[in-house]
Amino acid sequence: MHTTRLSDYAVFGVLLLAGFAFVAAAMTANRLLRPSAPSKEKGQTYECGVDPVGKDWAQVQIRYYVYAFLFVLFAVEAVFLFPWAAVFRAFGPAAAVEMGVFVGVLALGLAYAWRKGVLRWR
């Protein structure tokens, strides 16, 4: 069967519209079916089981963000590393060198963070 590129785009467009329609229907169903009982207590700031004290602003330790950033960094590394490892033999030695450089740069970043004491939980 012979298809044109225009028909391929049409299929993509139909699937894209169906996806948007599905999301819109799910959000509409959520809005119609959810229970709604707003109150003053529900509108207050809530942080880890501690009742709010004072204003809505609270100071947060930066180390939580550093750990989250390092987690995302190494999660992205895994996203690149696993597919590469699955087809390693097809790429040859050049790809091994490139991945070695990639992992090396990330290892340098980890060593720098370790040396600066960022990874120590105080």
Side-chain angles (χ1 to χ4, degrees):
M1 179 176 204
H2 180 66
T3 61
T4 64
R5 289 185 188 244
L6 188 58
S7 66
D8 291 341
Y9 283 117
V11 169
F12 174 74
V14 168
L15 289 174
L16 190 65
L17 289 175
F20 280 124
F22 179 76
V23 170
M27 292 178 79
T28 303
N30 180 29
R31 182 173 293 270
L32 294 174
L33 299 175
R34 71 179 180 207
S36 179
S39 67
K40 184 177 179 180
E41 289 81 22
K42 289 181 182 179
Q44 288 184 344
T45 304
Y46 179 78
E47 181 67 33
C48 298
V50 178
D51 290 331
V53 177
K55 302 231 182 260
D56 293 339
W57 184 86
Q59 186 174 0
V60 178
Q61 296 286 337
I62 190 68
R63 67 177 148 233
Y64 299 122
Y65 294 108
V66 171
Y67 276 99
F69 179 72
L70 288 172
F71 172 77
V72 168
L73 178 75
F74 289 104
V76 168
E77 177 187 1
V79 165
F80 286 120
L81 197 57
F82 285 131
W84 172 83
V87 292
F88 168 69
R89 292 182 188 226
F91 286 146
V97 171
E98 290 175 8
M99 189 53 72
V101 170
F102 176 70
V103 171
V105 168
L106 289 174
L108 283 174
L110 179 62
Y112 177 77
W114 195 317
R115 175 133 189 188
K116 285 292 203 176
V118 174
L119 301 177
R120 260 187 250 127
W121 195 266
R122 295 180 191 115

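The hydrophobic clustering, which links ILVMFWY residues whose side-chain heavy atoms are closer than 4.5 Å, places Leu81 and Val97 apart. There is a path of hydrophobic side-chain contacts, each under 4.5 Å, that joins Val76 to Trp84. By the rule that hydrophobic residues join a cluster once side-chain heavy atoms approach within less than 4.5 Å of another member, Leu106 and Trp114 end up as members of one cluster. Taken together through direct or relayed side-chain contacts under 4.5 Å among Ile, Leu, Val, Met, Phe, Trp and Tyr, Val105 and Val79 form parts of separate hydrophobic clusters.
The 12-atom threshold is exceeded at CZ of Phe102, counting heavy atoms of other residues, nucleotides or ligands nearer than 6.0 Å. Taking a 6.0 Å sphere around CZ of Arg115, one finds it holds 12 or fewer heavy atoms contributed by other residues, nucleotides or ligands.
Pro83 approaches Ala78 most closely through the heavy-atom pair CD-O, 4.2 Å. Taking every heavy atom of both residues into account, Leu110 and Phe74 meet most closely at CB-CZ, 3.8 Å. Contact record, Met99 with Phe80: CE-O, 3.9 Å, taken as the closest heavy-atom pair.
We find the CG-CZ distance between Leu17 and Phe12 to be 9.5 Å, quoted to the nearest 0.5 Å.
Counting only heavy atoms from C-beta outward, the side chains of Tyr112 and Leu108 never approach each other to under 4.5 Å.
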